[in-house]
Amino acid sequence: MMSGNALRDLNTLPASERKNDSSSKGNFTKTCNGNTIENVEELQKKNPSSVCINGGETVNAGVEVANSEVEYIESENLGDLEDVNTCLEKLLPGLESKDWVLVVETLNNVRRLSIFHREAMHSMLGDLIPLVVKSLKNPRSAVCKTAIMTSADIFSAYNDDLIEFLDPLLVQLLLKSSQDKRFVCEAAERALEVMTTSVFPMSLLPKLQPYLKNRNPRIRAKASMCFSRSVPRLGVEGIQEYGIDKLIQVAASQLSDQLPESREAARTLLLELQTVYEKSNGLSTTIPEQPEMNSWEHFCQSKLSPLSAQAVLRVTNIAREGLIIGS
């Protein structure tokens with residue numbers, strides 16, 4: 001079950017997240033008008049109203065002045081830590097710091113520990129995840145994006161060990177993947193993809209299912225895409241165990257959704273379910289007297305309302321006709 005806080009987070013997107021972010025350049029470190037990050041921070045203290053960057057552009061101090069100075073390091077380019085024990089000791093205080101530069105540095109250390117020293121950090125997950133979630137909520141895009149990248153590395157490292165901590169992470173990643181800051185949105189989408197390939201679907205699907213009915217259509221769309229990607233990882237036996245009848249009802253409900261991403265995810269899922277259903281029935285050793293009673297069409301009609309069954313069969317029949325024509 002989702003926590004009350006998780007549900008409240010989904011109800012509204014902060015105003016700051018609906019604005020386009022002009023500081024989306026990453027993967028490099030540069031100076032602003034000859035100043036390093038530290039010097040820009042000093043300028044902000046001296047002149048709280050504005051700071052001049054790039055030789056002439058003036059921005060408000062409240063705006064994310066130094067985001068372009070943050071280096072977003074891809075996971076494969078992260079190096080190991082020299083002193084693991086010291087890093088572990090400084091991890092929680094660093095994430096709780098009010099110094100955003102230190103928070104970003106600490107988040108990158110969390111990523112390094114996830115990659116190179118998984119077991120050493122395992123016992124800290126209960127204390128660590130809430131602080132990563134706090135960084136995901138940070139209005140400064142540099143902190144938020146680094147926290148998203150951290151989430152992806154944590155998913156890769158800990159897989160199903162994260163299930164009990166997953167809800168708050170999932171809520172924030174769905175929110176971030178649904179906002180207008182493109183470089184944050186894209187990072188969140190990648191993290192969700194890592195989640196769907198890292199967490200066992202039998203555990204993940206029940207976590208995703210409530211978001212398929214969220215009142216925010218963009219949240220529904222992202223959740224639908226995750227759901228559709230996760231189901232095939234169950235395999236034929238896993239889908240039968242989870243309940244192909246439950247899955248077809250989920251997919252059918254998304255076919256009429258507002259956004260095309262949801263509808264496309266539903267179509268993809270339905271084709272997967274049709275393949276699994278027909279494959280599993282084809283393995284039967286008994287030959288039924290009435291083969292049509294075991295057909296995909298009959299199955300859909302027996303599990304769905306007439307209108308939903310018609311919509312589902314329209315999707316799957318078109319796909320089948322396309323395959324016949326293509327062959």
Side-chain angles (χ1 to χ4, degrees), residues 10 170 173-175 177-178 185-186 188-283 292 294-327:
L10 279 173
L170 179 55
L173 290 174
L174 288 171
L175 284 169
S177 68
S178 305
C185 176
E186 290 175 347
E189 288 177 342
R190 287 194 293 272
L192 288 171
E193 289 176 6
V194 173
M195 177 192 71
T196 57
T197 57
S198 300
V199 180
F200 185 53
M202 197 67 76
S203 303
L204 180 59
L205 292 175
K207 296 285 188 181
L208 286 168
Q209 198 159 342
Y211 300 110
L212 300 176
K213 298 181 180 179
N214 189 264
R215 66 184 185 183
N216 184 326
R218 296 170 76 178
I219 296 292
R220 292 199 304 272
K222 301 301 181 183
S224 295
M225 293 165 69
C226 291
F227 198 92
S228 178
R229 283 196 300 265
S230 295
V231 169
R233 296 187 61 240
L234 284 169
V236 174
E237 292 183 2
I239 288 175
Q240 291 175 327
E241 181 182 348
Y242 191 88
I244 193 169
D245 52 340
K246 291 192 295 184
L247 292 170
I248 194 176
Q249 289 166 5
V250 169
S253 69
Q254 297 303 109
L255 268 184
S256 58
D257 197 80
Q258 178 180 345
L259 292 183
E261 292 93 334
S262 293
R263 300 195 296 271
E264 182 58 33
R267 285 191 286 268
T268 302
L269 177 54
L270 285 169
L271 294 175
E272 176 70 22
L273 295 177
Q274 181 188 22
T275 299
V276 169
Y277 179 83
E278 293 179 343
K279 182 182 294 185
S280 60
N281 275 273
L283 295 175
E292 67 277 3
N294 277 352
S295 69
W296 170 250
E297 181 177 353
H298 181 266
F299 175 73
C300 292
Q301 291 169 343
S302 67
K303 300 298 180 182
L304 302 169
S305 69
L307 284 177
S308 293
Q310 185 179 14
V312 168
L313 291 170
R314 187 184 302 117
V315 168
T316 54
N317 287 341
I318 289 174
R320 175 179 291 171
E321 289 168 5
L323 288 174
I324 293 173
I325 294 171
S327 61

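Contact annotation: the side chain of Trp296 approaches that of Leu273 to within less than 4.5 Å [non-hydrogen atoms, C-beta and beyond]. For the pair Thr275/Val236, no side-chain contact is recorded, criterion being any heavy-atom separation below 4.5 Å from C-beta on. With contacts defined as side-chain heavy-atom distances shorter than 4.5 Å, the pair Met202/Glu241 qualifies. With contacts defined as side-chain heavy-atom distances shorter than 4.5 Å, the pair Leu205/Leu234 qualifies. Counting heavy atoms from C-beta on, the side chains of Glu297 and Asn317 never come closer than 4.5 Å.
The backbone N or O of Ser203 sits nowhere less than 3.5 Å from a side-chain atom of Lys207 that would complete a donor-acceptor pair. Using modelled atom types, one side-chain atom of Thr268 and one backbone atom of Glu264 make a donor-acceptor pair closer than 3.5 Å. Not one N or O on the side chain of Ser198 forms a donor-acceptor pair closer than 3.5 Å with the backbone of Met195. Formation of a donor-acceptor pair under 3.5 Å by the Ser253 side chain with backbone atoms of Val250 is found in this model. Without hydrogens or angle criteria, Arg263 side chain to Gln258 main chain gives a donor-acceptor distance under 3.5 Å.
Counting all heavy atoms, side chain and backbone alike, Ala221 lies closest to Leu259 at CB-CD1, 4.0 Å. Nearest heavy-atom pair across Ala309 and Cys300 is CB-O, 3.8 Å. Residue Lys303 comes nearest to Gln249 through the heavy atom pair O-NE2, 3.4 Å, listed as atom of the first residue, atom of the second, then distance. Taking all atoms of both residues into account, the shortest heavy-atom contact from Ser262 to Ser224 is OG-OG, 3.8 Å. Minimum heavy-atom separation, Arg220 to Asp257: NE-OD1, 2.7 Å. Closest approach of Thr316 and Gln274 over heavy atoms only: CB-OE1, 3.4 Å.
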**Asked** After noting the C-alpha distance and the side-chain angles of Leu270 and Leu255, does the key distance pass the side chain to side chain contact (heavy atoms under 4.5 Å, CB included) rule?
**Response** CA-CA 10 Å; Leu270 285 169; Leu255 268 184; 3.6 Å; yes

**side chain to side chain contact (heavy atoms under 4.5 Å, CB included) between Phe299 and Ile248, worked out** = CA-CA 10 Å; Phe299 175 73; Ile248 194 176; 4.0 Å; yes

**Message:** Go through it in stages, so that I can follow the logic: the residues are Ile239 and Tyr277, the test is side chain to side chain contact (heavy atoms under 4.5 Å, CB included), and I'd like the CA-CA distance, side-chain angles, deciding distance and then a yes or no.
**Reply:** CA-CA 9 Å; Ile239 288 175; Tyr277 179 83; over 6 Å; no

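In this structure, the separation between CD on Glu272 and CD1 on Ile244 is 9.0 Å, given to the nearest 0.5 Å. In this structure, the separation between CG on Leu208 and CG on Leu192 is 8.5 Å, given to the nearest 0.5 Å. One distance of note links CG of Leu212 with OG of Ser228; it measures 10.5 Å at 0.5 Å rounding. Arg218 contributes atom CZ, which lies 10.5 Å from atom CG of Leu175 (distance to the nearest 0.5 angstrom). For the atom pair CD (Glu193) and CZ (Arg229), the distance works out to 4.5 Å, reported to the nearest 0.5 Å. Separation of atoms SG (Cys226) and CG (Leu204) is listed at 7.5 Å; rounding is to 0.5 Å.
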